[in-house]
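Take a look at the structure set out below.
If you're wondering where the values come from, they're calculated on a predicted model, not measured in any experiment. Excluded from the calculations below are hydrogen atoms, water molecules and symmetry mates; all remaining heavy atoms, backbone and side chain alike, are included. Each chain gets a letter, A, B and so on, in the order the sequences are listed, and its residues count up from 1.
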Number of protein chains: 2
Amino acid sequence: MADVAEKAGVSRALVSIVFRNQAGAGQETRERVLRVADEIGYRPDNAARLLARGRSRTLGVMFTVQQTFHTDLITGIYPEAERLGYDVLLSGATHGRSEAKAVEALLSHRCEAVILLGPDAEPAFLDELGQRTVAVSVSRRVPRARVDFVHSAEGKGVRQAMDHLVELGHRRIVHIDGGRGPGSAERRRAYRAAMRRHGLEAEARVIPGHHTEESGVETGRLLLAERDGGRPLPTAVLAGNDRCAMGLLMALTRAGVEVPRDLSVVGYDDSHLSHLMPIGLTTVRQDALLMAEHAVRFAVERLEERDREPREAVLDPKLVVRGTSGPAPEGPCPA
Amino acid sequence: MADVAEKAGVSRALVSIVFRNQAGAGQETRERVLRVADEIGYRPDNAARLLARGRSRTLGVMFTVQQTFHTDLITGIYPEAERLGYDVLLSGATHGRSEAKAVEALLSHRCEAVILLGPDAEPAFLDELGQRTVAVSVSRRVPRARVDFVHSAEGKGVRQAMDHLVELGHRRIVHIDGGRGPGSAERRRAYRAAMRRHGLEAEARVIPGHHTEESGVETGRLLLAERDGGRPLPTAVLAGNDRCAMGLLMALTRAGVEVPRDLSVVGYDDSHLSHLMPIGLTTVRQDALLMAEHAVRFAVERLEERDREPREAVLDPKLVVRGTSGPAPEGPCPA
DNA sequence: GCGCGCTACTAGCGCGCTCTAGTTCGAGTA
DNA sequence: TACTCGAACTAGAGCGCGCTAGTAGCGCGC
């Protein structure tokens with residue numbers, strides 16, 4: 001920077017002004033400074049910048065690598081953050097790199113706020129984080145923590161899916177649970193409520209699982225084993241999310257079960273996996289772009305107005321009917 | 001930091017020593033400092049740290065959101081970087097956020113080296129980047145640029161796939177090209193060579209495409225239209241990558257073409273999509289973990305020994321036979 | 001001629017840390 | 001006793017910027 005200043009015949013402060021696009025520099029000087037900087041190959045150093053100005057204007061995003069829905073969200077986070085003048089830093093939680101570690105990395109890089117995509121951490125951890133900094137949780141509700149929250153109305157999504165299935169004549173509808181996964185608890189509750197509402201309480205069954213393909217495969221195996229033991233297959237399965245649904249489909253199709261003729265499957269997320277299936281996965285769409293925008297806006301607004309209370313955004317999901325759901329094997333029989 | 005120092009009754013320098021785990025502090029003092037820091041809630045500020053020590057020990061990783069293979073790579077990058085004492089910063093290229101922008105973000109955050117996952121940028125850009133900093137390209141060869149390079153032996157992978165198909169009796173084998181995608185040129189070349197080697201030169205056909213599901217779908221439509229126009233379907237397709245293969249499968253299966261009975265499909269990458277298909281995608285596996293480790297090691301070693309020449313690592317891929325490849329419809333007929 | 005306001009610019013402190021070059025002190029050695 | 005030496009600790013400069021408070025110069029109205 002000093003070099004640029006000298007070569008352009010101005011002071012460092014002036015160079016600083018030019019690079020911050022601040023008023024107080026003549027047009028001519030401005031151009032000269034930029035030209036010289038380009039020649040020398042000077043680019044402002046972010047670390048020093050952050051240090052000097054106290055604020056980093058950087059949002060940290062923690063996500064789970066492999067979760068395709070998260071990449072959809074990230075795609076939406078970048079432009080919205082840029083629009084509001086914020087930088088974005090990504091930190092992935094993976095096998096062997098815990099969420100805590102990922103978040104720690106973000107904080108030590110001076111992120112002013114953290115956006116957590118489908119966090120799986122302890123509520124206590126999240127609350128503490130919320131006290132320490134501005135935090136937004138996407139997809140996972142954290143009851144009493146000081147954390148903004150963006151999610152889709154899980155209940156509504158599940159209800160739409162269930163109504164769709166019941167309308168198709170399904171009665172033996174099973175739900176694969178998402179365990180501690182984001183949204184699972186709400187989905188499970190909504191499933192139970194829907195079964196009750198349709199008078200299918202006796203048929204209700206929640207199979208424990210989680211939001212991975214493996215879980216779907218396992219459940220598939222379980223159901224097949226039960227069938228071989230005499231218990232009939234369910235006619236429809238509401239999976240915990242798309243990945244789980246995909247695993248289930250794989251296991252069933254391999255065993256000769258035809259979807260949707262023998263059994264219907266509904267996923268959740270409408271991650272870009274959904275339309276990959278040859279027949280297309282019927283699923284509940286969450287508007288990732290909109291969720292991302294809300295998350296960013298919440299973070300930024302809490303940043304600019306520090307004592308503001310955390311808020312909650314609930315977006316309406318929408319059932320997307322594709323090829324994996326069809327009439328119940330027994331044919332329609334209105335309950 | 002000053003607060004911690006004061007409260008612990010030591011100098012700031014000593015606190016610094018403790019937090020850097022450096023020799024020069026008594027065991028007792030060390031514990032006291034850490035305890036006080038914890039009480040106050042002090043955590044060292046990375047920006048200041050970087051600034052002060054001149055080196056950031058941070059690797060930047062540019063990846064393409066949505067590319068599942070990249071997430072596989074990232075999973076491998078984190079632990080290896082940590083092992084070598086480096087921090088990792090992620091920056092995604094998405095729709096509307098160019099690779100240049102993503103890289104710029106990394107550099108301005110003081111990354112010492114950049115690892116580019118399947119970069120799609122101009123060779124000139126990459127070369128310039130290589131001059132400016134330590135850069136490693138994964139999957140994409142950059143002819144004369146000052147950039148390390150990690151990839152799998154595309155030729156070998158394609159050859160294995162082609163041998164597999166020919167062995168199954170296929171002769172009309174089509175290749176969907178990956179356009180400018182990483183590895184495409186090599187794969188195309190190897191496909192042509194394999195066809196020639198098997199005396200199928202006359203049957204060789206490369207359909208332009210790229211590494212996305214959409215491209216696969218389009219090609220599927222094209223082939224079906226051609227069939228309806230009288231030109232027979234190929235008996236096997238070697239797709240540019242897994243995503244393309246998935247799209248193709250979707251299009252074909254929807255139209256009633258049965259895989260692998262009517263047509264075999266082979267992908268490339270063995271991204272975690274591959275085992276999702278009900279019947280499992282036959283594909284060429286690239287060892288993401290190993291590639292990630294090499295990339296990190298290259299970057300670090302060039303960092304520690306600055307005048308070292310860029311290197312190239314070529315890893316052997318392996319054909320993974322799953323359900324989408326089977327005997328040619330006409331039955332085996334050794335060429 | 002004077003003060004006024006305005007634009008274009010500058011000096012220099014401080015952000016939170018690391019690091020070099022010390023100082024202090026007690027144990028070991030001749 | 002006089003010294004060396006290493007371990008434990010400290011003072012203070014400096015990393016590359018942003019920012020506040022200021023100065024220089026100029027046209028303006030009275």
Electrostatic pair [X]:[Y] at N-O distance under 4.0 angstrom:
X: Glu312(A); Y: Arg141(A); value: yes
X: Glu39(B); Y: Lys7(B); value: yes
X: Glu112(B); Y: Arg55(B); value: yes

When the ring planes of Phe63(A) and Phe63(B) are compared, do they come out parallel, tilted or perpendicular, using 30° and 60° as the limits?
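Rings of Phe63(A) and Phe63(B): parallel, as their planes differ by under 30°.
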Determine whether a donor-acceptor pair (N or O, by modelled atom type, separation under 3.5 Å) exists between the side chain of His70(B) and the backbone of Thr64(B).
yes
Strictly by modelled atom types, are Ser16(B) and Arg12(B) linked by a side-chain donor-acceptor pair under 3.5 Å?
no
Whether the Arg243(A) and Ser271(A) side chains hold a donor-acceptor pair (N or O, under 3.5 Å, no angle test) is what I'd like checked.
no
Between atom [atom1] in [X] and atom [atom2] in [N], what is the gap in whole Å?
X: Arg55(A); N: dG18(D); atom1: CZ; atom2: C1'; answer: 14 Å
X: Glu6(A); N: dT10(C); atom1: CD; atom2: P; answer: 13 Å
X: Asn21(B); N: dC19(C); atom1: CG; atom2: P; answer: 13 Å
X: Arg57(A); N: dC17(D); atom1: CZ; atom2: C1'; answer: 17 Å
X: Asp3(B); N: dG16(C); atom1: CG; atom2: P; answer: 10 Å
X: Asn46(B); N: dC15(C); atom1: CG; atom2: P; answer: 19 Å
X: Arg49(A); N: dG16(C); atom1: CZ; atom2: C1'; answer: 18 Å
X: Leu51(A); N: dC19(D); atom1: CG; atom2: C1'; answer: 13 Å

Looking at Glu6(A), I want to see if its CD is surrounded by more than 12 non-hydrogen atoms of other residues, nucleotides or ligands under 6.0 Å.
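Result for CD/Glu6(A): open.
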DNA chain C: 5'-proximal contact among Arg53(A) and Arg53(B) (nearest heavy atom):
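Of the two residues, Arg53(A) wins.
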Give a yes/no on whether any side-chain N or O of Ser16(A) is located under 4.0 angstrom from OP1 or OP2 of dG18(D).
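Yes, Ser16(A) has a side-chain N/O under 4.0 Å of OP1/OP2 on dG18(D).
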Between Arg20(A) and dG18(D), does any side-chain N or O lie under 4.0 Å from OP1 or OP2?
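Checking Arg20(A) against dG18(D): at least one side-chain N or O falls below 4.0 Å of OP1 or OP2.
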Compute the centroid of each ring, for Phe149(B) and then for Phe298(B), and state whether the two points are separated by less than 6.0 Å.
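No, the ring centres sit 6.0 Å or more apart.
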Just the table, please: protein N/O against nucleotides 6-11 of chain D N/O, every pair under 3.5 Å.
from, atom 1, to, atom 2, distance (Å)
dC9(D), OP1, Thr29(B), OG1, 2.8
dC9(D), OP2, Gly26(B), N, 2.7
dC9(D), OP2, Thr29(B), OG1, 3.0
dT10(D), OP1, Ser11(B), N, 3.3
dT10(D), OP2, Ser11(B), N, 2.7
dT10(D), OP2, Ser11(B), OG, 2.6
dT10(D), O5', Ser11(B), OG, 3.4

Reading DNA chain D 5' to 3', what string of ( ), [ ], | and . shows its pairs, if Watson-Crick and G-U wobble pairs count only when both distances fall under 3.5 Å?
||||||||||||||||||||||||||||||
